[in-house]
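The figures here come from the full heavy-atom set of this structure, side chains too, leaving out hydrogens, waters and symmetry mates. As the structure is a prediction and not an experimental result, all values here were calculated from the model.
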Amino acid sequence: MYQFDCAAFASLLQAAPPRRSIFEQPEHSDYVEQAIFAPLRRDEPIDLQFLDFDRFSLRHVTSEDYIQQVERAQKQWCLGFNRYLKHAPAIPRHQKRFF
């Protein structure tokens, strides 16, 4: 049977790097506003060949609540995974089996 080692767990927690988001904070871009959103408001088509993709990045085109949506989805995945593990049978460590 496995045993919880409190000292080992505490030392691993202290050695862990601080949690940081893999996403950048959303930011306003004048280029995106003029090249994409202004024509869309006027119901004009956008020709993607003429967009300069080097002038903006993902942080310029994500919604403000995108990071919260990702974190909520991550939490739900973990809760669902834990729900399945709760019903999993324990694995005996000291039992020998021969096939």
Side-chain angles (χ1 to χ4, degrees):
M1 178 172 206
Y2 292 107
Q3 194 171 24
F4 180 74
D5 186 354
C6 189
F9 180 71
S11 67
L12 286 173
L13 280 179
Q14 291 172 351
R19 184 176 180 221
R20 64 179 181 87
S21 177
I22 60 172
F23 301 104
E24 298 174 313
Q25 288 294 326
E27 214 175 84
H28 178 76
S29 168
D30 290 329
Y31 177 75
V32 172
E33 179 67 35
Q34 296 301 320
I36 299 173
F37 293 120
L40 286 176
R41 282 191 204 100
R42 295 187 301 263
D43 290 330
E44 296 176 2
I46 299 173
D47 192 351
L48 297 178
Q49 287 181 318
F50 297 110
L51 283 181
D52 185 5
F53 288 97
D54 293 329
R55 291 191 59 188
F56 64 95
S57 67
L58 185 61
R59 71 175 179 262
H60 298 121
V61 293
T62 56
S63 64
E64 292 180 3
D65 65 337
Y66 183 73
I67 296 171
Q68 288 82 13
Q69 291 176 3
V70 170
E71 288 175 352
R72 192 177 318 116
Q74 179 183 11
K75 182 180 178 182
Q76 294 301 323
W77 273 85
C78 289
L79 289 173
F81 186 68
N82 285 339
R83 200 172 301 123
Y84 284 116
L85 286 179
K86 184 170 59 173
H87 301 293
I91 301 172
R93 262 181 74 193
H94 302 292
Q95 185 177 3
K96 293 183 181 181
R97 293 183 184 218
F98 296 96
F99 297 97

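- Atom CZ of Phe53 has more than 12 heavy atoms from other residues, nucleotides or ligands within 6.0 Å.
- The minimum heavy-atom distance linking Ile46 with Ile36 is given by the pair CD1-O, 3.4 Å.
- Pro26 places a side-chain heavy atom less than 4.5 Å from the side chain of Ile67.
- Put simply, CD on Gln69 and OG1 on Thr62 are 10.0 Å apart, with the number rounded to the nearest 0.5 Å.
- Nearest heavy atom pair, residue Gln25 against residue Arg59, reads O-CB, 3.6 Å.
- Scored by the side-chain contact (heavy atoms from CB on, under 4.5 Å) test, Phe50 finds Asp47 as partners (sequence neighbours excluded).
- Once rounded to the nearest 0.5 Å, the distance linking CG of Asp54 with OH of Tyr31 reads 9.5 Å.
- Shown here are the side-chain contact (heavy atoms from CB on, under 4.5 Å) partners of Ser11, two or more places apart in sequence or in another chain: there are none.
- Between Leu40 and Asp43 there is no side-chain heavy-atom pair separated by less than 4.5 Å.
- In terms of heavy-atom proximity, Glu64 sits nearest to Gln68 at O-OE1, 3.4 Å.
- Counting heavy atoms from C-beta on, the side chains of His60 and Glu24 never come closer than 4.5 Å.
- Under the 4.5 Å side-chain heavy-atom criterion for ILVMFWY residues, a single connected hydrophobic cluster contains both Phe56 and Leu58.
- Applying the ring pair (Phe, Tyr, Trp, His ring centres under 6.0 Å) test to Tyr66 and every residue at least two apart in sequence or in another chain returns Phe23.
- Note that the CD atom of Gln14 and the CZ atom of Phe9 stand 11.0 Å from one another [nearest 0.5 Å].
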